[in-house]
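Contents: one structure, followed by commentary.
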There are 2 protein chains.
Amino acid sequence: MRLTVEHGFDRVTIDAIAQAANISRRTFSNYFACKEDAVLHGEQLHHQGLLRALRERPDAESAWTALRSSVRGLYSSWDTQPDREWALRTRLAREHPSLMAQQLANHAAFARDLERAVAGRHNPGGVRSGLLVDVFLSALRVGLNTWIDEEETRDLLEVVEEIMDEVETPFGG
Amino acid sequence: MRLTVEHGFDRVTIDAIAQAANISRRTFSNYFACKEDAVLHGEQLHHQGLLRALRERPDAESAWTALRSSVRGLYSSWDTQPDREWALRTRLAREHPSLMAQQLANHAAFARDLERAVAGRHNPGGVRSGLLVDVFLSALRVGLNTWIDEEETRDLLEVVEEIMDEVETPFGG
DNA sequence: GGCAAAAATGCATCTCAGGCATTTTTGCAC
DNA sequence: GTGCAAAAATGCCTGAGATGCATTTTTGCC
């Protein structure tokens with residue numbers, strides 16, 4: 001991330017990263033399939049955290065409620081805002097198509113995991129869980145982007161909650 | 001696409017594609033940045049068609065209605081179902097992470113275009129258009145996947161309309 | 001037929017992913 | 001602490017990909 005800031009993402013070679021991390025080029029490849037994966041690793045951790053929170057929600061909660069509650073619980077458990085790194089990563093992904101592509105693929109994988117995790121929960125409108133999860137992730141993504149566009153002036157959770165409220169208003173008409 | 005079916009996506013080199021198309025390797029790169037782009041080109045055409053349809057919708061229609069109507073209009077204007085190629089491409093993208101990543105990046109770009117195209121339209125619940133477009137695309141994607149999972153036995157439009165109806169039921173609770 | 005623009009090509013270079021064998025480090029029983 | 005097996009890290013190598021640049025070929029039009 002530091003090298004990326006200093007020289008730009010596509011001007012940083014894997015060799016340079018390996019060197020800066022005091023590991024061999026080959027070892028880098030043992031841990032990450034590509035540069036993109038390395039940059040987006042923090043996001044993967046976020047996904048894992050959210051999944052863990054979701055699994056701990058009481059079974060009685062509906063799918064949508066459990067998802068919302070997981071976000072609320074996780075984000076408010078942080079002692080500091082996920083400021084610099086998140087903003088940096090998100091901005092980077094906006095500018096670099098390859099990063100964007102990888103990020104979206106990660107999101108799709110995350111969606112599959114979430115879908116499995118909410119399977120079996122009550123689901124008010126009979127909406128299939130794939131759709132529900134997709135919409136949830138859209139809201140999360142739009143929330144993050146809004147937060148970034150506002151230059152991280154508000155609380156991330158606050159922005160996300162706002163978007164989630166919007167999602168709960170009907171789309172039709 | 002033919003070579004991919006015969007030998008598998010990742011065993012087809014750009015050289016092979018170029019040779020089969022009677023063009024030089026270099027010319028391939030003049031048209032497509034990578035193999036993935038070539039395979040997904042049909043989808044790009046679909047996006048363009050949908051955008052064109054959207055721009056021709058009457059201004060009085062709300063954003064959501066205009067989006068739904070565009071799909072309805074475009075899909076029912078086809079004389080044949082987009083059967084083989086679509087199913088093939090979608091299944092391929094499911095199996096190959098790099099293809100999936102590229103596809104999702106294309107969807108994101110498409111989302112930006114759609115967002116611009118519906119900007120200014122009436123929007124019932126005051127939902128921001130980014131969110132609206134995202135949800136619309138989720139519905140389209142889920143519809144396509146459902147259609148595939150049902151082995152293309154029904155009409156694609158029918159499946160998509162069904163999902164769109166689901167989206168119009170509230171998510172909250 | 002001639003000419004300019006656009007398309008296609010060839011070439012060269014830098015980078016990457018990943019298989020395989022080898023070396024180094026780590027964790028643990030003794 | 002010593003020895004040993006598993007895990008991690010490394011080095012080397014190959015096939016493939018992206019892309020800049022100069023050159024050749026094709027196309028469209030007067």
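Numbers restart at 1 for each chain; the letters A, B, ... are given by sequence-line order, proteins then strands.
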Is it the case that the base of D/dG17 and the side chain of B/Arg25 share a donor-acceptor contact (distance under 3.5 Å, atom types as modelled)? no
Expressed in angstrom and rounded to an integer, what is the separation of A/Gln19 atom CD from D/dG11 atom P? 12 Å
In terms of side-chain geometry, is the basic nitrogen of B/Arg94 or B/Asp149 positioned less than 4.0 Å from the acidic oxygen of its partner? yes
Nearest-nucleotide pick for A/Tyr31, side chain only, options being C/dC16, C/dT9, D/dA8: D/dA8
Looking only at side-chain atoms of A/Cys34, point me to the closest of D/dC21, C/dA17, D/dA9. C/dA17
Residue B/Ile14, side-chain heavy atoms: nucleotide from D/dG17, D/dG11, C/dT9 that is nearest: D/dG17
May I ask you to evaluate whether A/Thr27 reaches the phosphate of D/dA9, defined as a side-chain N or O under 4.0 Å from OP1 or OP2? no
Less than 4.0 Å between a side-chain N and a carboxylate O, is that true for A/Glu115 and A/Arg121? no
B/Asn30 has an atom CG; how far is it from atom C1' of D/dA18, in whole Å? 12 Å
Quick one: B/Arg26 CZ to C/dA7 C1', roughly how many Å, whole number? 12 Å
Rounded to whole Å, the CG-C1' distance (B/Asp37 to D/dA18) equals 12 Å
Specify the separation, in whole Å, of atom NZ of B/Lys35 and atom P of D/dA16. 9 Å
Salt bridge or not for A/Asp113 and A/Arg55, using N-O below 4.0 Å? no
Once you round it to whole Å, what is the distance between C1' of C/dC16 and CD of A/Glu36? 10 Å
Basic-acidic side-chain contact under 4.0 Å: A/Arg91, A/Glu152: yes
Establish, with yes or no, whether the OP1 or OP2 oxygen of C/dT15 is under 4.0 angstrom from a side-chain nitrogen or oxygen of A/Thr13. no
Earlier contact from the 5' end, DNA chain C, for A/Phe28 and B/Ile23: B/Ile23
Closest approach to the side chain of A/Asp15, judged atom by atom: which nucleotide of D/dG20, D/dA9, C/dC16 is it? C/dC16
Rounded to whole Å, how long is the line connecting atom CZ of B/Phe32 with atom C1' of D/dT19? 17 Å
Approximate separation, where rounding is to 0.5 Å, of A/Ile23 CD1 and A/Tyr31 OH: 8.0 Å
In whole angstrom, what separates A/Arg11's CZ from D/dG20's P? 14 Å
